[in-house]
Amino acid sequence: MWIGIDDTDSPEGMCTTYLGAVLARRLAEAGMQIRSLRLIRLNPNVIWKTRGNAAVAIEAEGDPDLAFAIGSDLINELADLACDRTNPGLVVCGGTRPPASFAEQAITGFCTIDEAIAACEGVSARYAGWKNRRGLIGATAAIAADLRDSTSEILVYREGASCGTKRSVDPITLRLAEEVTFPHTWDTVDRMNRTIVCVPHTPDPVLFGIRGENPVWVSLARHLILSETPELEAIFETNQGTDAHLIWGFIGSLEEGRSYLVSGTVSSLPMTGIGGHVSLLIRDGEYSLTCMAYEPTKGFRDVIRALAPGDRVVVCGSYKDSSLNLEKILVLTADPISFRDAPICPSCGKKMTSAGADKGYKCRLCSMRMRDPVIRRRDRTIAPGWYEVPPSARRHLARPLCRGAPAILNDVVRDISDPINVNQQK
């Protein structure tokens, strides 16, 4: 059977993954066999999410009615039901899971509560919702998700009495874990910006989390880390770091609140605005798109500033407020820039100066004249390849370049005569 839960946390505390880990422990204590835990991130752009928009699913063997009763009791016990934005959902499937297409819709777009209920009833699943029942969407999607690409995360949780106090995690061992296990784990620290990434600052039960390719690597990294004594820890299979939220889109037909890969040509020089945010305009035919690299992306903004009109790119990010918030970019071409310059005098070897409008050039030393300028080429500070935001600015679902380029772009990369290199910003 599969048990799905969602929307049990709030900005003030609790964590759906923690409730899922506790539920797995209670199911095991009731004699059920736990086969796996899943952490499924849904569309990161929905306005009603609390924090990371994560839902949890548990694969287990046992009595579905008993599992449903235990899950209901636990939600009543631990979910932050006092928060207006917390609307839990619980789904238990004893056999066939809801269609994977429902999960794909929840990850890349939007689903309604009625659609979630229809998906549950279509497979005779047990389900319950609290308050407005919005958590049924994530609970159903977590069960339905088809993880064609998956990663792992080990989450370590604090003792209840410690929640809300300052976390104690040794930063030296966090950096050691990153050095020993990267690129098989990632986003533990942001080395370039000297920031700890894996330790949250919110008042929830999570002490820290390590993301990586599989349970072996995240476990190795975890056991290198010294911290306060935890209450509980669990390893989740997840769609984090897979770009599962990205779909192909075309400039002029993008929908608000979805995340896209979009190809185009840079049409004007990048502009740095108030607050250090950098905007980039790209074009495809008659349509144009504003792309944004915000201040928290730090050095990634220098990549965007180095682009020039005529460069061909593929941009990746979320479409919000009529602009694309950049997560990474593939620079397909960055040709040297050609410009007209004054010629060198063949007699004196000195650079000539303009002799006036439409009068060519004149040497100040020997008065020799030349009619035409010379065409020079300026090499670029940017080369074709992939560039990404730093770990401290990366979204949960965004695939880090240490995992390679998105498979969805293989056809694009094959069209390039020269190999595309990964330019890491770590």
Trainee: List for me each residue that meets side-chain contact (heavy atoms from CB on, under 4.5 Å) alongside Thr165, sequence neighbours excluded, and say none if there are none.
Mentor: Arg158, Ser162
Trainee: If the condition is side-chain contact (heavy atoms from CB on, under 4.5 Å), which residues does Pro309 pass it with, not counting sequence neighbours?
Mentor: Leu269
Trainee: Let me confirm one number: the OG-CG distance from Ser318 to Leu324, rounded to the nearest 0.5 Å.
Mentor: 7.0 Å
Trainee: What I want to find out is whether Arg134 reaches Asp7 closely enough, with some N-O distance under 4.0 Å, to be called a salt bridge.
Mentor: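 No, Arg134 and Asp7 are not salt-bridged.
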Trainee: Does any donor atom in the side chain of Glu255 or Tyr260 lie under 3.5 Å from an acceptor atom in the other side chain?
Mentor: no
Trainee: Can you pull out every ring-ring contact (aromatic ring centres under 6.0 Å, His included) where at least one residue sits in residues 18-45? Sequence neighbours excluded, please.
Mentor: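 Checked against ring-ring contact (aromatic ring centres under 6.0 Å, His included) - neighbours excluded - the pairs reaching residues 18-45 are Tyr18-Tyr157.
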Trainee: So does Arg38 have more than 12 non-hydrogen atoms from other groups sitting under 6.0 Å from CZ?
Mentor: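 Above 12, so yes.
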Trainee: So, using ring pair (Phe, Tyr, Trp, His ring centres under 6.0 Å) as the criterion, who are the partners of Phe102 when residues are at least two apart?
Mentor: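 For Phe102 there are no ring pair (Phe, Tyr, Trp, His ring centres under 6.0 Å) partners, ignoring immediate neighbours.
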Trainee: Under a plain distance cut-off of 3.5 Å, with no hydrogens placed, do Glu59 and Ser36 share a side-chain donor-acceptor pair?
Mentor: yes
Trainee: Going by side chain to side chain donor-acceptor pair (under 3.5 Å), name the pairs with one or both residues in residues 266-293, residues two or more places apart or in two chains.
Mentor: Thr272-Arg305
Trainee: Any ion pair linking Asp379 and Arg377 (charged N to carboxylate O, less than 4.0 Å)?
Mentor: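 Looking at Asp379 together with Arg377, the answer is no, because their closest N to O distance does not fall below 4.0 Å.
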Trainee: Between the side chains of Asp190 and Thr195, is a donor N or O closer than 3.5 angstrom to an acceptor N or O?
Mentor: no
Trainee: Where the side chain of Thr86 meets the backbone of Asp9, is there a donor-acceptor pair that is under 3.5 Å apart?
Mentor: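 Indeed, once roles are kept as given, a pair shorter than 3.5 Å links the two residues.
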Trainee: Only counting residues at least two apart or in another chain, list the ones meeting side chain to side chain donor-acceptor pair (under 3.5 Å) with Asn325.
Mentor: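 Once residues adjacent in sequence are excluded, Asn325 has no partner under the side chain to side chain donor-acceptor pair (under 3.5 Å) criterion.
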Trainee: Should Trp248 and Val314 be marked as a side chain to side chain contact (heavy atoms under 4.5 Å, CB included) after you check the CA-CA gap, both sets of side-chain angles, and the distance that decides it?
Mentor: CA-CA 10 Å; Trp248 272 111; Val314 176; 4.3 Å; yes
Trainee: Do the side-chain N and O atoms of Arg395 and Asn45 include a donor-acceptor pair separated by under 3.5 angstrom?
Mentor: yes
Trainee: When you measure from the side chain of Glu121 to the backbone N and O of Ala118, does any donor-acceptor pair fall under 3.5 Å?
Mentor: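 Not confirmed, Glu121 side chain does not pair with Ala118 backbone.
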Trainee: List, one per line, each side-chain donor-acceptor pair under 3.5 Å for residues 70-80, sequence neighbours excluded.
Mentor:
unit_1 : atom_1 : unit_2 : atom_2 : d
Ser72  : OG     : Phe68  : O      : 2.9
Asn76  : OD1    : Trp130 : NE1    : 2.8
Asn76  : ND2    : Ser72  : O      : 3.2
Glu77  : OE1    : Arg26  : NH1    : 2.8
Glu77  : OE1    : Arg26  : NH2    : 3.3
Glu77  : OE2    : Arg26  : NH2    : 3.1
Asp80  : OD2    : Ser10  : OG     : 2.4

Trainee: Who are the ring pair (Phe, Tyr, Trp, His ring centres under 6.0 Å) partners of Phe236, not counting sequence neighbours?
Mentor: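 Here no residue qualifies.
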Trainee: Supply the atom-to-atom distance Ser322 OG to Leu254 CG, rounded to the nearest 0.5 angstrom.
Mentor: 9.5 Å
Trainee: If a pair satisfies salt bridge (charged side-chain N to carboxylate O under 4.0 Å, His left out) and one of its residues is in residues 89-104, list it, with sequence neighbours excluded.
Mentor: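 Found none.
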Trainee: So how far is it from Leu289 CG to Leu281 CG, rounded to the nearest 0.5 Å?
Mentor: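 It comes to 7.5 Å.
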Trainee: For residues 236-247, which residue pairs qualify under side chain to side chain donor-acceptor pair (under 3.5 Å), counting only residues two or more places apart or in two chains?
Mentor: Arg41-Gln240, Ser150-Glu237, Glu153-Gln240, Asp243-Lys328, His245-Glu327
Trainee: Could you go step by step and tell me if Thr108 and Asn43 meet the side chain to side chain contact (heavy atoms under 4.5 Å, CB included) rule?
Mentor: CA-CA 5 Å; Thr108 63; Asn43 183 352; over 6 Å; no
Trainee: Kindly list each side-chain donor-acceptor pair under 3.5 angstrom involving residues 202-224, sequence neighbours excluded, with atom names and distances?
Mentor:
unit_1 : atom_1 : unit_2 : atom_2 : d
Thr202 : OG1    : Asp204 : OD2    : 2.3
Asp204 : OD1    : Val206 : N      : 2.8
Arg211 : NH2    : His396 : ND1    : 2.7
Glu213 : OE1    : Arg403 : NH2    : 3.4
Glu213 : OE2    : Arg403 : NE     : 2.7
Asn214 : OD1    : Val216 : N      : 3.1
Asn214 : OD1    : Trp217 : N      : 3.0
Ser219 : OG     : Pro215 : O      : 2.7
Arg222 : NE     : Glu233 : OE1    : 3.3
Arg222 : NE     : Glu233 : OE2    : 2.9
Arg222 : NH2    : Glu233 : OE1    : 3.2
His223 : ND1    : Ser219 : O      : 2.8

Trainee: Can you name the side-chain contact (heavy atoms from CB on, under 4.5 Å) partners of Arg340, sequence neighbours left out?
Mentor: Pro373, Ile375
